[in-house]
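Note that the structure is a prediction, hence the values are computed from the model and not measured.
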Amino acid sequence: MPQTSTVSLDAPAAVAASTRRWWTLSVVALAQLMVVLDSTVVNIALPSAQAELGFTNGERQWIVTAYSLAFGSLLLFGGRLSDLVGRKRMFIIGLIGFAAASALGGAAGSFGVLVGARALQGAFGAMLAPTALAVLTTTFTIPKERARAFGVFGAIAGAGGAVGLLLGGFLTEYYDWRWNLYINVFIAIFGIIGALIFVSNAKRVGPRPKLDVPGTLLVSGALFGLVFGFSNAETEGWDSPWCWGMLAGAVVLLVAFVLWQRRAKHPLLPLAIVLDRNRGAAYLSVLIAGAGMFGIFLFVTYYLQTSLHYTPMQTGLAFLPMIAMLVLAAQLSTNIFVPRFGPKVMVPFGMALGATGMVYLTHLGLDSTYVADILPPLLILGFGMGSIMPASMQTATLGVDRHFAGVASAMVNTSQQVGGSIGTALLNTLAATAAADYIASHLPPTAAVAEQAAIHSYATAYWWGAGFFAAGAVMAALLFRRIGHGISLRNPTPDRHHESAPVQ
């Protein structure tokens, strides 16, 4: 009888705990969606904002760059803060700060205020994004539930940019460009309420570690230089002193950061986290996928709006099937394929699909139709990204000491952000060069020649994007271990070295 009584009491408690975990996932997913879609939702609103606030074309890029600079350079710092201060507390601080910065940007009456608000959004986003992933990592430890949770999270990480295009088109076309910023306030309110109710706040066990201030300054400066250098290359060209100076300075600071981490008593990023073969491969995969995804959204958006004359709303709707395919692939991958085949098979498979989709896009022209020519490559790319992102993100945080879950999660976001910056700058520069060369070889530069030059430039970007994905497929196939060789995605704590006390 006593045994039966224990079961009857434990079963409801277990169900309640499981239900609470899934509500936690909903809250975390909402925050992740807000951060990811904000990287694209504002892009569609830029022409309307420029017309109202009166800033120049040269100044326009700072609306995007201010966000990416703050976000990219502070990600590791934000991830480590979540380890030190507490994940629930940092999660709520990030939501409140992001909402306040969004409200400030929505109410901006001048270009300077809007740029400042975007920088604040990036700073609070750098606190929020890694904390959200760390909460997910430490909440879902049951293998089957963990796989499903990372499937949802990976789908959002991959599809958020396309959702941003759809939402941005809808808000700009039917309301006002300012609602592309105000919408975050309402999302954040739901997130804050959910975090207060469902996100756990475990007590700290053991002494509080200290923040690695020199390491934070070194890596933040290095990431700032990387993002600024590549962003500057996009607008000023690769021969700009600001471009090469910032990139060279970033390399120096990164080397100094690595040397310091080897001797620091409380390292910001223990090198064992990134030197682990599987995690290193996962970070590289996220970086390459980020570079490819930004290229897809950027150039397909340009093509649809400038070459085929789609409206912003039509452009967003055009990406919906890709999102649906990405979500489907993410669920199939995490629940069926990744546990069976592991990232060594699934990530190269996704990269190969990405390369295939990019090559398919090179055939688009001025007379292409959506159903016959545009939809198939978008579906292929959606399935490819749904195969890459969940497997990579799950592997990147697998078996990490819970004391460092925040900074390990931040490396995922950092990889995606740096990959996006590199991809955007590099592909944009290559496309601009290809367009200029095409016009120079097809004089006189008539309107028809300019249209064909744009198509040629997009195709050039797609070919290079295909090259990124092909290189990623080879890299992933060589670096990831097979299941049974030091990796088990069914067991999130592969050895006792990683079983440390929960730190929230």
Side-chain angles (χ1 to χ4, degrees), residues 28 31-32 35 69-98 122-139 195 199 201-227 250 253-254 256-276 279-280 282-283 286 393 396-418 498 500-504:
V28 167
Q32 175 69 7
V35 172
L69 283 176
F71 185 71
S73 59
L74 295 174
L75 272 167
L76 284 179
F77 175 61
R80 191 64 180 129
L81 274 182
S82 77
D83 293 330
L84 302 179
V85 176
R87 298 198 178 98
K88 181 173 183 175
R89 185 179 303 166
M90 282 305 303
F91 190 76
I92 293 174
I93 290 172
L95 284 169
I96 293 173
F98 201 93
F124 284 104
M127 299 179 188
L128 185 58
T131 305
L133 185 53
V135 168
L136 192 72
T137 300
T138 53
T139 299
V199 176
N201 194 19
K203 294 181 180 179
R204 180 179 300 280
V205 178
R208 179 187 295 273
K210 296 180 180 178
L211 179 64
D212 177 15
V213 176
T216 300
L217 294 175
L218 286 171
V219 77
S220 296
L223 292 172
F224 181 91
L226 275 177
V227 176
L253 289 175
L254 277 177
F257 172 72
V258 171
L259 294 175
W260 172 254
Q261 294 305 282
R262 295 178 63 183
R263 59 187 294 265
K265 187 175 181 181
H266 300 281
L268 176 70
L269 177 64
L271 296 182
I273 290 176
V274 292
L275 292 179
D276 177 88
R279 278 197 290 272
Y283 293 139
V286 171
M393 296 177 78
T397 55
L398 188 71
V400 176
D401 188 316
R402 291 168 68 99
H403 290 82
F404 295 101
V407 74
S409 302
M411 275 298 298
V412 176
N413 300 102
T414 301
S415 300
Q416 189 173 22
Q417 179 67 27
V418 171
H498 296 298
S500 52
V503 179
Q504 291 279 106

Discussion item. Rounded to the nearest 0.5 Å, what separates atom CD in Gln416 from atom CE in Met393?
Written reply: 6.5 Å
Indicate the atoms forming the closest heavy-atom contact of [X] with [Y], along with that distance.
X: Ser82; Y: Thr131; answer: CB-OG1, 3.3 Å
X: Val35; Y: Ala129; answer: CG1-CB, 4.2 Å
X: Phe124; Y: Phe98; answer: CB-N, 3.6 Å
X: Pro130; Y: Gly125; answer: CD-O, 4.1 Å
X: Ser73; Y: Leu223; answer: CA-CB, 3.6 Å
X: Ala123; Y: Ala70; answer: N-CB, 3.7 Å

Mind checking side chain to side chain contact (heavy atoms under 4.5 Å, CB included) for [X] and listing every partner two or more places apart, or none if nothing turns up?
X: Ala195; result: Val27, Phe91, Ile92, Val199
X: Ser415; result: Tyr283, Val286, Leu287, Met411
X: Leu81; result: Phe77, Val85, Met90
X: Leu253; result: Leu218, Ala222

For residues 268-276, dump all side-chain donor-acceptor pairs below 3.5 Å to protein atoms at least two apart in sequence or in another chain.
| from | atom 1 | to | atom 2 | distance (Å) |
| --- | --- | --- | --- | --- |
| Asp276 | OD2 | Asn278 | N | 3.2 |
| Asp276 | OD2 | Arg279 | N | 3.0 |

Worksheet item: Mind checking whether Leu76 and Ser220 have side chains closer than 4.5 Å, heavy atoms only?
Response: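 Counting from C-beta outward, Leu76 and Ser220 never come under 4.5 Å.
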Worksheet item: Is any side-chain heavy atom of Thr139 less than 4.5 Å from a side-chain heavy atom of Val28?
Response: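 Counting from C-beta outward, Thr139 and Val28 never come under 4.5 Å.
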